[in-house]
Trainee: 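Okay, here's the structure, questions in a sec.
Residue numbers start at 1 and run along the sequence shown. Atoms within a ligand are numbered from 1 in the order they appear, just like the ligands themselves.
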Amino acid sequence: MTKLMLRALAGETLPTPPIWMMRQAGRYLPEYRATRAQAGDFLSLCYNPELAAEVTLQPIGRYGFDAAILFADILLVPQALGADLWFVTGEGPRLSTITTAEDMQRLRPADAIHERLDPIYQTVRILSRELPAETTLIGFAGAPWTVATYMIAGRGTKDQGPAHALKDTDRATFTALIERITEATILYLSRQIEAGAEVVKLFDSWAGSLKGRDFDDFALAPAKRIIAALKERHPGIPVIAFPREAGDRYVGFGAAVGADCVALDNSVSAEWAAQHVQVDGCVQGNMDPRHMVTGGPELVAEAQRITRALRGGPHVFNLGHGITPDADPDNVARMIEAVRSA
Ligand code: 1CP
């Protein structure tokens with residue numbers, strides 16, 4: 001019996017969709033906070049295979065999700081390429097910046113990443129051994145544009161201004177950076193697959209700020225190249241692409257990049273997605289994560305509305321973005337119950 005998640009990704013229309021949740025291992029869970037404290041800090045947790053596997057398994061044990069996502073971060077790739085990375089409590093990530101050709105020259109070659117990322121592959125190996133038989137293991141990486149926005153600005157930004165500025169004023173440096181991240185991402189995801197990841201997801205969290213040709217060149221083209229390379233090395237590996245806030249560019253995106261599933265953020269309606277995106281294949285999403293904070297009858301109604309709207313084709317139930325630290329863990333159980341009884 002094939003796992004529910006893999007059946008949906010293969011294009012099967014199911015009576016009940018598989019369910020998992022972005023950031024399902026995270027600060028809203030007391031057991032996550034305890035393990036993170038034991039590790040010392042967030043990055044130490046990412047690089048500790050036993051503890052990273054433990055936090056990945058926590059939401060599976062508590063809720064019985066259909067998929068587990070490797071506990072790591074998209075910013076480990078920049079660090080493996082030689083950028084400095086640290087987290088400021090209450091603020092978020094900080095990195096040394098890449099804004100000139102000289103900065104680019106100081107980065108390490110793509111194939112040097114494994115040295116630093118080896119503990120991540122070890123986490124995947126532990127998980128592929130320890131996950132329940134019905135649970136699918138998802139590996140992931142950031143898409144090149146999103147990773148580049150952090151490497152150029154040295155932090156998270158509202159409008160990705162510094163990355164747009166480099167793109168528009170020093171195209172050669174910008175495209176060299178996109179190229180380096182693309183190569184590193186292919187190598188990184190290949191190793192995750194070899195270690196036991198059964199699906200990989202590409203997070204392009206800031207795809208929505210790319211417009212027109214920029215979207216084609218820096219969201220679509222790199223995703224297409226990464227997916228083609230992964231499928232050549234690992235025939236049949238399912239890939240989920242998440243061009244967050246792509247809006248009308250969601251239409252045709254999955255087919256254009258060769259993804260098996262397109263993850264939807266909550267700025268598009270499930271009804272619209274059923275008509276315009278799911279016609280091409282599996283979609284994932286897309287409940288607003290704020291319902292995990294507010295709960296109540298609205299949570300149940302929303303989970304059931306989305307499930308029903310996407311019931312006519314292959315669907316993986318998820319949120320439109322990560323669950324937030326202020327969410328109530330009981331609301332997660334209510335969401336799962338609502339989806340499974342819709
Ligand atoms: O304090 C803490 O414990 C850290 C909070 C945290 C967590 C739980 C960060 C810092 N990263 C993670 C884990 C993480 N990040 C996962 C693990 C698996 C899971 O989902 O359970 C994944 C898939 C990510 C992916 C990620 N990291 C993205 C893409 C998805 C998205 O949320 O849009 C991005 C943009 C990041 C960068 C990042 N890492 C952490 C934070 C707070 C951020 C966002 C920074 C910002 O833009 O301000």
Trainee: Distance to 0.1 Å, residue and atom name: give those for the protein heavy atom nearest to atom 27 (N) of ligand 1.
Mentor: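 The answer is D73 OD1, 2.9 Å.
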Trainee: Can you find a side-chain donor-acceptor pair between W20 and Y63 that sits under 3.5 Å?
Mentor: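 Side-chain D/A pair, W20 to Y63: absent.
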Trainee: For the rings on F71 and Y32, is their centre-to-centre separation under 6.0 Å?
Mentor: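 Centroid distance F71-Y32: below 6.0 Å, so yes.
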Trainee: Less than 3.5 Å between some nitrogen or oxygen of T146 and one of ligand 1, yes or no?
Mentor: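 Looking only at distances, the answer is no, because the N/O contact criterion of under 3.5 Å is not met.
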Trainee: Which residue and non-hydrogen atom of the protein lie closest to atom 22 (C) of ligand 1, and at what distance in Å?
Mentor: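 Checked against all protein heavy atoms, atom 22 (C) of ligand 1 sits closest to F140 CZ, 3.6 Å.
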Trainee: Nearest non-hydrogen atom to atom 1 (O) of ligand 1 belongs to which of R27, R36, M21, Q160?
Mentor: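 Residue with the shortest heavy-atom distance to the ligand atom: R36.
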Trainee: Are any non-hydrogen side-chain atoms of N331 and D328 less than 4.5 angstrom apart?
Mentor: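 Touching, per the 4.5 Å side-chain cut-off.
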Trainee: Within less than 4.0 angstrom of ligand 1, does H321 place any heavy atom?
Mentor: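 So H321 counts as touching ligand 1.
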Trainee: Among the heavy atoms of P325, does any lie under 4.0 Å from an atom of ligand 1?
Mentor: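 Judged by the 4.0 Å heavy-atom criterion, P325 does not count as contacting ligand 1.
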Trainee: Applying a strict 4.0 Å limit to heavy atoms, is A25 in contact with ligand 1?
Mentor: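 In this structure, A25 qualifies as a contact of ligand 1 - some heavy atom is under 4.0 Å.
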Trainee: Taking 4.0 angstrom as the limit, do R171 and D214 come out as a salt bridge?
Mentor: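 Judged by the 4.0 Å cut-off on N to carboxylate O distance, R171 and D214 do form a salt bridge.
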Trainee: I69 heavy atoms, cut-off 4.0 Å: which ligand 1 atoms fall inside?
Mentor: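 Under 4.0 Å from I69, ligand 1 has these atoms: 18 (C), 19 (C), 20 (O), 21 (O), 23 (C).
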Trainee: Look at atom 20 (O) of ligand 1 and say which protein heavy atom is nearest, naming residue and atom and giving the distance to 0.1 Å.
Mentor: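 The closest one turns out to be R23 N, 2.7 Å.
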Trainee: Atom 34 (C) of ligand 1: which protein heavy atom is closest, and how many Å away?
Mentor: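 Result for atom 34 (C) of ligand 1: I74 CD1, 3.5 Å.
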Trainee: G322 near ligand 1, heavy-atom distance under 4.0 Å?
Mentor: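 So G322 does not count as touching ligand 1.
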Trainee: Would R27 and F42 count as a cation-pi pair here, with the cationic atom under 6.0 angstrom from the ring centre and within 45° of the axis?
Mentor: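 Because its charged atom misses either the 6.0 Å distance or the 45° angle limit, R27 does not stack over F42.
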Trainee: Between Y188 and H114, is the ring centroid distance below 6.0 Å?
Mentor: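 Ring centroids of Y188 and H114 are no less than 6.0 Å from each other.
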Trainee: Salt bridge check, R7 against D66: does any charged N sit closer than 4.0 Å to a carboxylate O?
Mentor: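 No, no charged N to carboxylate O under 4.0 Å.
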Trainee: What protein heavy atom lies closest to atom 7 (C) of ligand 1? Include the residue and the distance to one decimal.
Mentor: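 Of every protein heavy atom, F42 CE1, 3.6 Å lies nearest to atom 7 (C) of ligand 1.
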Trainee: Would you please indicate yes or no on a ring centroid separation below 6.0 angstrom for H164 and W145?
Mentor: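 Between H164 and W145, which both carry aromatic rings, the centre distance is below 6.0 Å.
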Trainee: Salt bridge check: are R106 and D103 linked by an N-O gap of less than 4.0 Å?
Mentor: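 Result for this pair is yes, salt bridge flagged.
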Trainee: Less than 4.0 angstrom from a charged side-chain N to a carboxylate O is my criterion; do K167 and D217 meet it?
Mentor: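 A salt bridge is absent here (no side-chain N lies under 4.0 Å from a carboxylate O).
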Trainee: Under 3.5 Å, side chain of Q278 to main-chain N/O of H276, donor-acceptor pair present?
Mentor: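 Side chain of Q278 to backbone of H276: no pair is present.
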Trainee: Using heavy-atom distances, let me know which of Y150, W20, F87, W206 sits nearest atom 10 (C) of ligand 1.
Mentor: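 Answer by nearest heavy atom: F87.
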Trainee: Hey, which of E302, M21, Q304, H291 is the one that makes side chain to side chain contact (heavy atoms under 4.5 Å, CB included) with M335?
Mentor: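 Between M335 and the candidates, side chain to side chain contact (heavy atoms under 4.5 Å, CB included) is satisfied uniquely by M21.
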Trainee: Of all the heavy atoms in L70, does at least one lie under 4.0 Å from an atom in ligand 1?
Mentor: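 Judged by the 4.0 Å heavy-atom criterion, L70 does count as contacting ligand 1.
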Trainee: N/O to N/O below 3.5 Å, does that happen between R244 and ligand 1?
Mentor: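 N/O-N/O distance below 3.5 Å does not exist for this pair.
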Trainee: For the pair R108 and E115, find out whether any cationic side-chain nitrogen is under 4.0 Å from an anionic carboxylate oxygen.
Mentor: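 A salt bridge links R108 with E115.
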Trainee: May I ask whether G156 has any heavy atom positioned less than 4.0 angstrom from an atom of ligand 1?
Mentor: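 Yes, G156 has heavy atoms under 4.0 Å from ligand 1.
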Trainee: Starting from atom 45 (C) of ligand 1, locate the nearest protein heavy atom and write down its residue, its atom name and how far away it is, to 0.1 Å.
Mentor: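 Result for atom 45 (C) of ligand 1: P93 CD, 3.5 Å.
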Trainee: May I ask whether F242 has any heavy atom positioned less than 4.0 angstrom from an atom of ligand 1?
Mentor: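 No, F242 has no heavy atom closer than 4.0 Å to ligand 1.
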Trainee: Within ligand 1, which atoms have a heavy atom of Y32 less than 4.0 Å away?
Mentor: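 Selected atoms, number and element: 2 (C), 3 (O), 8 (C).
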Trainee: Atom 29 (C) of ligand 1: which protein heavy atom is closest, and how many Å away?
Mentor: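 That would be S205 OG, 3.2 Å.
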Trainee: Give the residue, atom name and distance (to 0.1 Å) of the protein heavy atom nearest atom 17 (C) of ligand 1.
Mentor: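 Here the closest protein heavy atom is A72 O, 3.6 Å.
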